[in-house]
Protein chains: 2
Amino acid sequence: MPEFTRARAYLIGAMSQETGVNIETIRYYEKIGLMPKPDRTAGGNRQYSHDHLKRLSFIRKSRNLGFSIAEIRSLLGMVDQQDVSCGDVHRMTVRHLGAVRDKIAALQQLEDALEGMAAKCARGDVPDCPIIDTLFEQPEAAA
Amino acid sequence: MPEFTRARAYLIGAMSQETGVNIETIRYYEKIGLMPKPDRTAGGNRQYSHDHLKRLSFIRKSRNLGFSIAEIRSLLGMVDQQDVSCGDVHRMTVRHLGAVRDKIAALQQLEDALEGMAAKCARGDVPDCPIIDTLFEQPEAAA
DNA sequence: TCTTGCATCTGTAGCTACTACAGGCACCAC
DNA sequence: GTGGTGCCTGTAGTAGCTACAGATGCAAGA
């Protein structure tokens with residue numbers, strides 16, 4: 001990649017285009033301290049460097065992987081302190097993987113229940129719907 | 001079930017106990033119009049009937065099945081108007097089932113990606129972490 | 001030079017579905 | 001009458017944005 005590309009400065013619209021992160025979201029990340037305050041042009045517009053771009057792309061990817069803002073903050077904290085221990089990152093990833101698997105299991109249970117309900121239903125214009133009946137049954141013990 | 005049980009009145013704490021819905025949440029459902037305003041005791045406490053209990057239990061079950069408040073509102077709207085067409089309910093259920101399946105698929109993709117990342121990682125106290133490297137790669141085209 | 005139009009600015013309010021609190025009553029037992 | 005519990009209202013906080021309003025910046029065309 002040619003040098004001038006790396007040295008280029010980006011306005012917020014370009015950042016948004018390059019990373020797919022909404023302009024408002026970029027400003028929001030700045031506000032909550034996930035992105036550092038960038039330089040400004042003479043007129044007051046934000047001016048980003050290639051490093052900013054890489055960082056925003058990191059955040060975007062991590063968000064896509066389902067990491068919370070708090071988790072990304074710790075990941076970036078490690079990066080910022082140049083104190084990246086692979087063990088720590090691995091632990092966070094595995095913990096997160098566990099949470100994702102739990103979510104999948106819960107949704108699969110839900111899928112089964114919904115399938116069962118849909119199968120019971122006559123679909124027609126009948127007034128008595130087994131789905132509604134199911135939902136209107138006696139309350140169970142508190143979950 | 002004996003008649004006196006059906007005729008009994010419940011205070012908000014009892015409603016919460018019977019259904020497992022938080023007291024604050026019950027008040028919140030009243031505020032947003034999902035639960036009707038109940039009678040009050042002389043002292044001003046909410047007093048619920050068995051019908052209220054059934055309705056709240058319906059809401060709770062539907063929430064557990066992942067229906068949004070808006071979806072529950074339409075389900076209850078049909079019930080309230082005694083206009084429950086099984087076809088409509090079935091359509092809502094199937095649409096919701098589709099959304100749940102989409103979410104499962106997305107999470108499974110995420111699971112794969114996280115597994116891949118975790119597997120690449122040496123776990124040790126090495127400074128160069130492949131997980132971080134992966135996340136810090138060039139930005140892709142906007143998604 | 002003026003105008004047009006797009007990009008960007010700040011700041012605030014809204015979204016979902018709750019949850020948590022503060023400060024105050026009602027009611028009961030002792 | 002005092003203590004404890006349950007309930008009341010109203011407001012603010014949570015996550016992670018998104019959507020405005022109203023004011024500028026800036027570049028290109030007439």
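Keep in mind it's a predicted model, so treat the numbers as computed, not measured. Letters A, B, ... mirror the listed sequences (proteins, then strands); counts begin at 1.
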Among C:dT8, D:dG16, D:dC7, which nucleotide has an atom closest to any side-chain atom of A:I23?
C:dT8

Note: B:R60-B:E18 ion pair, threshold 4.0 Å (strictly below):
no

Which of these nucleotides, D:dC20, D:dC17, D:dC7, is closest to any side-chain atom of A:Y29?
D:dC17

Examine D:dT18: is either OP1 or OP2 under 4.0 Å from a nitrogen or oxygen in the side chain of A:T25? Give yes or no.
yes

Short side-chain donor-acceptor distance under 3.5 Å, B:T93 and B:H96:
no

Main chain of B:L53, side chain of B:S57: is a donor-acceptor contact present, judged purely on distance under 3.5 Å?
no

Using only side-chain N and O atoms of B:R27, determine if any of them is under 4.0 Å from OP1 or OP2 of C:dA17.
no

Okay, side chain of B:S16, backbone of B:I12: is any donor-acceptor separation there less than 3.5 Å?
no

OP1 or OP2 of D:dC17 less than 4.0 angstrom from a side-chain nitrogen or oxygen of A:R63, does that happen here?
yes

Specify the closest pair of heavy atoms between B:L110 and A:N64, including all atoms of both residues, with the distance to one decimal.
CD1-O, 3.9 Å

Comparing nearest nucleotides in DNA chain D, the 5'-proximal residue of the pair A:A42, A:N22 is A:N22

What closest approach, in Å, do B:A9 and B:Q47 show between heavy atoms, and which atom pair accounts for it?
CB-CG, 3.7 Å

Specify the separation, in whole Å, of atom NZ of A:K31 and atom P of C:dT8.
19 Å

Taking atom P of D:dG10 as reference, at what distance in whole Å does atom CD of B:E24 sit?
15 Å

Rounding to an integer number of Å, can you tell me how far A:I26 CD1 sits from D:dC17 C1'?
13 Å

Whole-Å distance between D:dG25 C1' and A:Q47 CD?
13 Å

What's the closest nucleotide to the side chain of A:N45 if the choices are D:dG16, C:dT8, D:dA19?
C:dT8

Proximal nucleotide (of C:dT8, C:dT19, D:dG16) relative to the A:I12 side chain
C:dT8

Of A:G13 and B:G44, the one whose closest DNA chain C nucleotide lies more 5':
A:G13

Could you check which of C:dA20, D:dC17, C:dC18 has an atom nearest any side-chain atom of B:Y28?
C:dC18

Nearest whole Å is fine: how far is C:dA17 C1' from B:R73 CZ?
12 Å

Rounding to a whole Å, what distance do you find between B:M15:CE and D:dC8:P?
11 Å

Among D:dC17, D:dC7, C:dT8, the one nearest any side-chain atom of A:L11 is C:dT8

Quickly work out the A:R40 CZ to D:dG25 C1' distance and round it to whole Å.
13 Å

Would one find a side-chain N or O of A:R46 under 4.0 angstrom from OP1 or OP2 of C:dT10?
yes

Can you tell me the distance, in whole Å, between the CD atom of B:E71 and the C1' atom of C:dT16?
13 Å

Closest to the side chain of A:T41, out of D:dC26, C:dA20, C:dC9, is D:dC26

